[in-house]
Amino acid sequence: MKFARFKYQEQVHFGVLTEGECKLIEGDLFDSWEYTGETVAKADVEFLAPVPPNKIIGIGANYVGKKEELPSSPPDMPVFFFKPDSSVTGPDTEVIVPESIDEIKFESELAVVIGKAMKNVAKEEVLDHIFGYTIGNDVTAPQFFHENGHWTLGKAFDTFTPIGPVIETELDPDKIHVKAVVNGEEKQNSPTNLMIVPLREMVAYLSKVMTLQPGDVILTGSPLGAYFVKDGDVVECNIDEIGSLKNTFVKAPVPIKS
């Protein structure tokens, strides 16, 4: 099923997306919900980020270019970073690049949405705790990376985490391709089996460090091919089974000094 969060008649709703329409639901998305009986046309709603996350956690440099380059075992301590909830935006919105930033990079990613609270969960049980999957664009400003390797600031600006357009609950994360198109030209296209830290191991590792809660989002890394974009560029992050997350990068105007 494809779950969406959207604005309709100035109200925010959750719904199940079918061909050309949204069936409104009520209740707890992660526990118990039911259809309201109301259906609205897809064309009449404004899609939002499909979930307002409590936590957004990303992993760095998690893809190789071909299977022969995969290490024999995952690293003992993967590179993780947090992104604030204030960085989240939805599909068909603008990524606002502050005037102080010289270079900005897109990163198309498969995003995991946690469905059940999990702590110290074995990798074999991880999928039982996942609600579904969406698409993320881990927008990055490398000039704000700390010289000692801290990444959070360079990924934390407002609008730097587009996610959407829906949460797909019926997906095999091992059999998809993560893609990106910039101004109509494909820049990324990689199967998820080229992850250095596979999805199950990644989520299990995080659950040993912190309790993961329903609605938390984990960005699983971006394939090779991410690069710098400029003012006006349109980035579409695609996973065929989920959809397309499209955002336009816009440089914020230089403040006028009085």
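It should be emphasised that the depicted structure is a prediction, and the values quoted were computed from it without experimental measurement.
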Please determine whether side chain to side chain contact (heavy atoms under 4.5 Å, CB included) holds for the pair F6 and V12, giving the CA-CA distance in whole Å, both sets of side-chain angles, and the decisive distance to 0.1 Å.
CA-CA 6 Å; F6 50 86; V12 175; over 6 Å; no
Report the C-alpha separation of K7 and D44 in whole Å, then their side-chain angles, then the decisive distance to 0.1 Å, and conclude whether the salt bridge (Lys or Arg N to Asp or Glu O under 4.0 Å) test is met.
CA-CA 9 Å; K7 186 180 289 187; D44 293 336; over 6 Å; no
Step by step, work out the side chain to side chain donor-acceptor pair (under 3.5 Å) result for T161 and K83.
CA-CA 8 Å; T161 314; K83 302 194 78 170; 3.1 Å; yes
Would you sort out whether F157 and F144 count as a side chain to side chain contact (heavy atoms under 4.5 Å, CB included), showing the intermediate values?
CA-CA 10 Å; F157 289 86; F144 280 84; 3.8 Å; yes
V203 vs I218, side chain to side chain contact (heavy atoms under 4.5 Å, CB included): CA-CA, chis, key distance, verdict:
CA-CA 8 Å; V203 179; I218 300 169; 3.9 Å; yes
Begin from the C-alpha positions of D174 and N193 and carry the test side chain to side chain contact (heavy atoms under 4.5 Å, CB included) through to its verdict.
CA-CA 6 Å; D174 300 324; N193 63 13; over 6 Å; no
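Using a 4.5 Å cut-off on side-chain heavy atoms (C-beta onward), Q143 and I101 make contact. Counting heavy atoms from C-beta outward, S108 and N238 have side chains that stay 4.5 Å or more apart. Under the 4.5 Å side-chain criterion, counting only non-hydrogen atoms from C-beta, L24 is in contact with V40. Annotation: side chain of T134 is in contact with side chain of V113 (closest heavy-atom distance under 4.5 Å). Here the side chains of V112 and V217 are not in contact, with every heavy-atom distance at 4.5 Å or above. Within the 4.5 Å cutoff, no side-chain heavy atoms of L153 are placed close to those of K155. Taking 4.5 Å as the limit, some side-chain heavy atom of P162 sits within range of a side-chain heavy atom of L245. Here the side chains of D138 and S222 are not in contact, with every heavy-atom distance at 4.5 Å or above.
Of the possible donor and acceptor atoms, none in the side chain of N247 sits under 3.5 Å from a partner among the backbone N and O of V95. Using a distance-only test at 3.5 Å, with no hydrogens or angles considered, no donor-acceptor pair links the side chain of R5 to the main chain of V51. Listed for the Q188 side chain is a donor-acceptor partner under 3.5 Å among the backbone atoms of P223. With hydrogens and angles disregarded, a donor-acceptor distance shorter than 3.5 Å links the side chain of T159 to the backbone of I96. At least one donor-acceptor pair under 3.5 Å links the side chain of D233 to the backbone N or O of K230. Side-chain N or O atoms of E168 include none that pairs as donor or acceptor with a backbone N or O of I242 at under 3.5 Å. A donor-acceptor distance shorter than 3.5 angstrom exists from the side chain of D216 to the backbone of K55, with no hydrogens or angles considered. When atom types are taken as modelled, the side chain of E125 and the backbone of V121 share no donor-acceptor pair closer than 3.5 angstrom. In this structure, E201 contributes its side chain and K123 its backbone to no donor-acceptor pair below 3.5 Å. With N62 contributing its side chain and T220 its backbone, the two residues share a donor-acceptor pair below 3.5 Å.
Between P75 and V197, the shortest heavy-atom contact is CD-CG2, 3.7 Å. The two atoms that bring E236 and S244 nearest to each other are OE1-OG, 3.5 Å, heavy atoms only. When all heavy atoms of I135 and I239 are compared, the pair lying nearest together is CD1-N, 3.6 Å. Between N183 and G232 the shortest heavy-atom distance is OD1-O, 4.4 Å. Between I196 and P71 the shortest heavy-atom distance is CG2-CG, 3.7 Å. For the pair L110 and L199, the tightest heavy-atom approach, listed with the atom from each and the gap, is CD2-CD1, 3.9 Å.
Contact check on D128 versus K116 returns no salt bridge, with no Lys/Arg side-chain nitrogen under 4.0 Å from an Asp/Glu carboxylate oxygen. A salt bridge does not link K67 to E69: none of the charged side-chain nitrogens sits closer than 4.0 Å to a carboxylate oxygen.
S207 OG to L212 CG: the interatomic distance, rounded to the nearest 0.5 Å, is 6.0 Å. Distance check: Q213 CD to H129 NE2 gives 11.5 Å after rounding to the nearest 0.5 Å. Taking CG from L206 and CD1 from I59, the interatomic distance works out to 7.5 Å, rounded to the nearest 0.5 Å. Taking CD of E26 as the start and OG of S32 as the end, the distance is 10.0 Å to the nearest 0.5 Å. Atom-to-atom distance recorded for I25:CD1 and T36:OG1 is 9.0 Å, nearest 0.5 angstrom. Here the CG-CD distance, from L219 to E109, works out to 5.0 Å after rounding to the nearest 0.5 Å.
Cluster membership for I57 and V79, using ILVMFWY side-chain heavy atoms within less than 4.5 angstrom, is not shared. One hydrophobic cluster holds both M202 and I176 under the rule that ILVMFWY side chains link at heavy-atom gaps under 4.5 Å. Linking Ile, Leu, Val, Met, Phe, Trp and Tyr whenever their side-chain heavy atoms come within less than 4.5 Å leaves L224 and M195 in two separate clusters. Transitive grouping of hydrophobic side chains (ILVMFWY, heavy atoms separated by less than 4.5 Å) brings Y205 and I114 into a common cluster. No continuous path of ILVMFWY side-chain contacts below 4.5 Å connects Y133 to I56, so the two sit in separate hydrophobic clusters.
With respect to T140, the side chain to side chain donor-acceptor pair (under 3.5 Å) criterion is satisfied by exactly one of K105, E103, E107: E107. The ring-ring contact (aromatic ring centres under 6.0 Å, His included) test with F3 is passed by exactly one of F47, F14, W33, F30: W33.
For NZ of K251, the number of neighbouring non-hydrogen atoms (other residues, nucleotides, ligands) closer than 6.0 Å is greater than 12. At most 12 non-hydrogen atoms from other residues, nucleotides or ligands lie less than 6.0 angstrom from NZ of K246. Annotation: K119, atom NZ; neighbour count of heavy atoms from other residues, nucleotides and ligands within 6.0 Å is above 12.
For an aromatic pair to be called close, the ring centres must be under 6.0 Å apart, and Y227 with F106 satisfies this. Aromatic rings of F80 and W151 (six-membered ring for Trp) have centroids beyond the 6.0 Å cut-off, not under it.
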